[in-house]
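Comments concern the structure below.
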Amino acid sequence: MIIRNVKVYTEEKTFIQGEINIKGDRFVEMSSSEEELNEEIIDGEGCYAIPGLIDIHFHGCKGYDICDGTKEAIAEIAKYEASIGVTGIAPATMTLPVEELMHILSVAASYKETARDSNRLGADLLGINMEGPFISVEKKGAQDERNIISCDVDICQKFLEVSKGLVKFIGIAPERNSDFLQFIRQMQPKVNISLAHTNADYDTAKAAFDAGANHVVHLYNAMPAFTHRKPGVVGAVADSPHVNAELICDGVHIHPSVVRGTFQMMGENRMILISDSMRATGMPDGHYMLGGLEVEVIGNRATLASNGALAGSATNLMECMKTAVKEMGIPLETAVACATINPAKALGEYENYGSISSGKKANLVLLDKDLEVKLVMKDGIKL
């Protein structure tokens, strides 16, 4: 297959006019003129051609949640995500009882083993992002505090084993645990350690990053405010160049000025756009459940029915990326990298995902000049 007349997004984070060649489920180098005679040719009509997006932090969509703990839920989530141009996913678990989390991870591992045959056209399950249960009560947000526990090496090891390595991120609130440095040093060689739903001050957060923690869950949300005398977790991230930071650019969670300022302060190479979307995404307004708590959704705003606190989002990653560009002033080239290249690298999957490069999986999206999706391709097949 050849896709012509497109602006191709490159690994150098620029667009160049050109064409894309696909053989089977992989991108390949340009075909010879003889080979072209037998190829399907698609006219991209001047569209932007970008890699399939990768969402490393969201909970569900279309009425399903990863914490439903069923293969059907994962398959339906994967199907919807692929349909809107998100071709790689790492859903996030909530703060639930340990045994329930073990079941969810076991089902996800089993799904991944069989998904190639049973759900080929759904987004690829690339990992699991464990947002809980090692978090703080003070910054629990929409997490159920009844299930919060201190970080525990043995429990964490069980999570990794039952998921068969599918867990890629483990979130902790370091201030809750006097031995958090030991936990990080023991687990960091096996899994990315993130700071999540934490009330840590600057010194505690910086100590965690210095010990090997390398990720932060939805920067600014569920953590202390960034101020000039108490920079908190945000300041510690700014001073730790090896740390990646998630940003929810749905127009609800972070003011556009703060998004722009964050990119200027920390640079684009470690910003990762996420959706943090819940099961109401792609569904009508109404009441839904998230981690055992009732959530009210109106438009793209999701709040806890009990107290009005923000409870994830109802916006998918493609829409978040477009919002970052159209409403927040982030250049398209930068926003694409933060939804493709950066998450692929954070997951350790850049060899096969995250760019339109020879040998990588043929997952791509064509966007028109208004950034509307015109075509999604997964494994070299048009959806």
Side-chain angles (χ1 to χ4, degrees), residues 57-60 63-70 73-74 77 91-108 128-163 167 169-180 183-184 187 191 193-200 204-205 208 213 216-218 221-224 233 246 248 253 276-280 286-297 301-314:
H57 186 147
F58 75 108
H59 300 279
Y64 294 92
D65 191 294
I66 184 67
C67 288
D68 292 345
T70 68
I74 302 174
I77 289 169
T93 54
M94 296 291 288
T95 297
L96 299 167
V98 169
E99 289 303 316
E100 191 171 340
L101 288 170
M102 297 276 280
H103 170 73
I104 292 164
L105 297 176
S106 176
V107 170
I128 296 290
N129 188 339
M130 296 199 73
E131 195 171 358
F134 307 135
I135 61 172
S136 76
V137 172
E138 295 81 4
K139 296 294 181 180
K140 66 181 185 296
Q143 308 280 338
D144 191 337
E145 70 176 87
R146 295 172 296 180
N147 301 317
I148 292 174
I149 59 176
S150 298
C151 57
D152 184 288
V153 168
D154 291 336
I155 293 175
C156 184
Q157 184 61 43
K158 290 178 180 178
F159 288 155
L160 299 185
E161 290 173 358
V162 75
S163 75
V167 171
F169 304 93
I170 292 279
I172 69 168
E175 75 281 4
R176 275 184 53 87
N177 308 274
S178 59
D179 60 348
F180 72 90
F183 176 88
I184 293 172
M187 300 311 303
V191 66
I193 305 296
S194 57
L195 267 58
H197 289 266
T198 172
N199 202 34
T204 303
V216 63
V217 165
H218 43 51
N221 292 282
M223 62 184 61
V233 177
E246 303 172 357
I248 310 171
H253 281 78
D276 199 19
S277 68
M278 58 167 292
R279 70 171 75 241
H287 288 256
Y288 298 87
M289 299 302 293
L290 178 67
L293 303 177
E294 185 177 357
V295 175
E296 182 179 16
V297 175
R301 180 179 289 269
T303 57
L304 286 180
S306 60
N307 60 15
L310 284 177
S313 85

Under 3.5 Å, side chain of His103 to main-chain N/O of Gly69, donor-acceptor pair present?
yes
Only residue of Ile135, Asn177, Ile184 satisfying side chain to side chain contact (heavy atoms under 4.5 Å, CB included) with Cys151 is Asn177
Is there side-chain contact between Val98 and Asp152, with at least one heavy-atom pair below 4.5 Å?
no
For a quick test of reading the model, state the closest non-hydrogen atom pair linking Cys156 to Met187 and the distance between them.
SG-CE, 3.5 Å
Residue pair Glu100 / Asn147, side-chain donor-acceptor N/O under 3.5 Å
no
Identify the two heavy atoms, one from Val295 and one from Leu290, that lie closest to each other, and give their separation to 0.1 Å.
CG2-CB, 3.7 Å
What residue pairs, at least two apart or across chains, pass salt bridge (charged side-chain N to carboxylate O under 4.0 Å, His left out) with a residue in residues 128-143?
Lys140-Glu145
Using only atom types and a distance under 3.5 Å, with no angle test, would you say the side chain of His59 pairs donor to acceptor with the backbone of Ala92?
yes
Would you say the side chain of Met102 lies within less than 4.5 Å of the side chain of Phe159, judging by non-hydrogen atoms?
yes
Applying the side chain to side chain donor-acceptor pair (under 3.5 Å) criterion to Glu175, which one of Thr204, Thr198, Asn199 satisfies it?
Thr198
Do Leu105 and Met130 have side-chain heavy atoms sitting under 4.5 Å apart?
yes
Exercise: identify the closest heavy-atom pair between Ile66 and Ile77:
N-CD1, 3.6 Å
Test your reading of the model: is there a side-chain donor-acceptor pair from Ser277 to the backbone of Ser313, 3.5 Å cut-off?
no
Is any side-chain heavy atom of Asn221 less than 4.5 Å from a side-chain heavy atom of Asp276?
no
Would Ser306 and Glu294 count as having a side-chain donor-acceptor pair, cut-off 3.5 Å?
no
Strictly distance-based, threshold 3.5 Å: is any side-chain N or O of Arg176 a donor or acceptor partner for the main-chain N or O of Phe134?
no
What pair of heavy atoms forms the shortest contact from Ala196 to Val217, and how long is it?
CB-CG2, 3.6 Å
